[in-house]
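Reading through the C-alpha cells given below for one structure.
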Amino acid sequence: MKDSIKKDIAEALIKLFNINDNNLIEVNKNVNKHVSSDYYTNVAMRLAKPLKKNPIQIAEEITKNLKAKNNYIVDIAKPGYINFSIKILQKNNIVTEILNTNNLLAGCDVKKPKKFLVEFVSANPTGPLHVGHGRGAVYGNIISKFLKIQGHTVVKEYYVNNFGNQINNLVLSVFSHLDKSLKFDESELYKGKYIEEISKNISLLLEQENLRNNLGDLLKDNKHRKILDRCKTAIIKHVIDDIKNTLNKLDIEFDNWFYESTLFEDNLVDEIIQKLKDSKQTQKTDGALMFLSDEPRVLIKTNGEYTYFASDLAYHDQKMKLYDHIINVWGADHHGYVPRINSGLKALGHDINKLDIHLIQFANLYRGKDKISMSTRKGEFVKLDTLADEIGVDAINYFYLTKNKDQHLDFDLDIAISTNKNNPVYYIQYAHARIEKILNQLPEYNKNSFNPNDLKETSEIELITLLMDFKDMSYKSITSLKPNIMTNYLYDLAQQFHSYYTNVKIIEERIIYSRVYLIAAIQRVIRCGLETLNINAPTEM
RNA sequence: GCGCCUGUAGCUCAGUUGGAUAGAGCAUUAGCUUCCGAAGCUAAAGGUCAGAAGUUCAAAUCUUCUCAGGCGCUCCA
C-alpha cells in the first residue's frame with residue numbers, strides 16, 4: 001500500500017515538475033494520535049525551497065494529480081503535509097491476505113545473498129557461561145537467524161581461546177585444588193564449584209599415571225610434558241562440554257568451533273606477522289615486536305609469547321578470505337580493541353567494510369532490587385544454566401532481545417518468572433493462547449466467508465491498522481538486525497488484542513465470522529513474530 | 001586526561017533516513033466478573049526530551065560545548 005502511494009506521488013512529480021527523484025519521496029506511517037490518517041508525506045515541504053513555492057500550494061497540485069485515488073482518501077494539513085487514509089474496505093483485506101500468505105516474511109529477501117560469518121559468545125574456556133554472557137549469545141544467535149531470513153548463507157562460529165595464559169592459570173587452579181601445598185599467585189586462580197568438578201576428573205587421570213601425589217614435580221619436570229598436555233586438553237574439553245550443554249539448553253547451536261591453537265599449528269600467526277614486517281609497519285621495542293597503529297601495539301612480547309592481538313589478526317585474516325562479510329559480537333568493554341583490529345586488517349590489505357563488530361552493552365540482572373554478580377575469576381556468578389532453568393528459554397530470549405544492543409539493560413528476574421501481565425512474554429503468549437481457545441470452539445469457521453464490511457468498530461480498525469504495519473515493521477526489524485522492534489510490536493499487538501477481547505464478545509448466539517478471521521490473522525502474526533524471535537507460541541497455558 | 005555507549009514521566013523503556021499537540025508498561029489513584037481464560041480490561045494523573053548554543057520552514061532526533069552515569073585506555077585476557 002505504502003509503495004503504491006509512493007509510486008503515485010512519483011508519477012505526479014514527473015508530470016507536474018519534471019522531477020524524477022525517488023529519494024525525495026518519503027511516505028511514512030502516521031504515529032500522531034491527533035491525526036487520523038494512515039500515512040503522510042512531507043514531499044511538498046521539501047520541494048518548497050527548490051520550487052520557490054508555498055508548500056500548501058504544491059501539496060494541492062500533487063493531490064490533484066494523484067492517479068489511484070480510489071484506494072485512499074487524501075487531505076492536506078499545514079504546513080504542507082499530505083495525508084493518506086486507506087479506505088476501510090481496502091484495509092480490511094489485510095486479514096485474508098495474512099491468512100492466505102505462506103511466508104509472511106518473504107518481503108525480507110535480499111537480491112544478492114552473501115556468505116556471512118557470525119562469531120559470537122566466544123567466552124574464554126576458563127569456566128561455565130554465566131549470565132553476563134547471555135545477552136551476546138542470544139543476540140548473536142538471533143541476528144544469524146535474521147540474516148538467514150534475508151536469504152544469506154550464515155556460518156555461526158565460536159572462537160575458542162585455548163592458547164593463551166589464562167588457560168595455564170586454569171590448569172594451575174585445578175592443580176592448586178588437588179594439592180593445597182602448592183603455592184601460586186592466588187589472585188590469578190579461578191575459583192568456584194566447577195573447579196572442584198574438573199579436579200575430580202583430572203585426579204582420576206593422574207592416578208592412572210601414578211602421578212597423583214607428585215603434582216609439584218609434574219609441573220616443574222619437562223619429562224611429564226605429555227601428561228601435562230593431556231591434563232590441559234581434558235580440562236578444556238570439560239569446560240567446553242559444559243558450555244555446549246548450556247548453549248544447547250538455550251537452543252543455540254554453532255556450526256563451527258574454531259580453536260585458536262590451530263592458527264599456530266597451521267603457522268598462520270607467523271605468516272601474518274611476516275606480512276606485517278614486510279609491509280614495514282612493525283618495529284622492535286625493548287625486544288618486543290610492535291605493530292604501528294594509532295600507537296604501537298604489541299604482537300610478540302619480550303618473553304617471546306604472542307599476544308591475543310597477533311592471533312586475532314591471523315583469525316580475521318583467514319576469515320576475510322573465506323567470507324563476504326564477517327560479524328563479530330563483542331561485549332562493549334572490548335570497544336577499545338576495535339581500531340587496532342581494523343588498522344591491522346587494513347595493513348594486511350583487507351577491505352575493513354567487510355567486517356562489522358557489534359558491541360553489546362552490559363546487561364545487569366536483578367532479583368527485585370538485588371543485583372546479580374557475574375565475575376568468573378572469583379567464582380561468584382550465576383550460571384546461565386541456572387537462569388535458563390529458573391525463567392525458561394522464552395523469557396531469556398525476550399528479555400535479552402527487547403532492548404537495543406547499544407542500550408544498557410536492566411532486567412528483573414522477578415518479572416521474568418511472573419505469570420501475569422507484568423511479564424510481557426507471558427502477556428504476548430497469553431494472547432496467542434486465548435485466540436487458540438476461541439478458534440478451537442469454531443473449528444469450521446472458514447466455511448463462512450470473510451466480509452470486510454463487518455469490521456467497522458474503532459477497536460477493529462486499530463487492530464487492522466496494526467496488522468497492516470507488520471510487513472514494514474518486520475522488514476525493518478530483520479534487515480536492520482534489530483529484534484527489539486519486533487518485541488515492541490508484538491507487545492503492542494497483544495495489548496490491542498486483549499483490549500478487543502475484553503470489549504467485544506466473539507462467540508455469541510449470532511457469530512460475526514469476520515471477527516473470527518480477524519483474530520485468526522492476529523494469531524498468525526503473533527506466532528510468526530514469536531517464532532522469528534525463537535519464542536514459543538503456546539496454544540494453551 | 002583521551003575514546004566508546006547512554007541520559008525522554010517516580011521506575012523500566014519506545015520514539016522510523018529531522019516532521020504535526022511527546023508514547024507505552026510498572027508503580028499511584030478511581031473503576032470493571034451472572035458473559036469466549038480477571039493469567040484480563042477501562043480511566044485519571046504524571047514531561048524544561050540532562051543543560052546551553054547552532055543548523056533548518058521544522059530538532060528528542062543533526063553539529064559543537066558543558067554536566068551526569070557505565071565501560072575501556074596493560075608486553076591482561
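Here is how names work: the chains are called A, B, and so on, in the same order as the sequence lines, proteins then strands, and each is numbered from 1. What you see below is based on every heavy atom in this structure, not just the backbone, and it leaves out hydrogens, waters and symmetry mates.
The partner of C26(B) is G10(B), judged by Watson-Crick or G-U wobble contacts that both fall below 3.5 Å. Within the shown strands, G40(B) is the pairing partner of C32(B) under the Watson-Crick or G-U definition, both distances less than 3.5 Å. In this entry C73(B) has G1(B) as its Watson-Crick or G-U wobble partner, both defining distances falling under 3.5 Å.
Lys49(A) places its NZ atom 7 Å from the P atom of U56(B), with the value rounded to the nearest Å.
Within 4.0 Å of Thr307(A), counting heavy atoms only, lies no atom of the nucleic acid at all. Backbone-only contact: Tyr491(A) has heavy atoms under 4.0 Å from sugar-phosphate atoms and none from a base. Residue Glu26(A) is classed as a base contact, given a heavy-atom separation below 4.0 Å to a base. Residue contacts shown for Asn83(A) include a base, since a base heavy atom lies under 4.0 Å away.
Residue Asn484(A) is the one, among Asn484(A) and Asn30(A), whose nearest nucleotide of RNA chain B lies closer to the 5' end (criterion: closest heavy atom). Each of Lys29(A) and His335(A) has a nearest nucleotide on RNA chain B; the 5'-most of these lies closest to His335(A).
Of the side-chain N and O atoms in Arg340(A), none sit less than 4.0 angstrom from OP1 or OP2 of G72(B).
Taking the six-membered ring for Trp and thresholds of 30 and 60 degrees, Tyr337(A) and Trp330(A) have ring planes inclined between 30 and 60 degrees apart.
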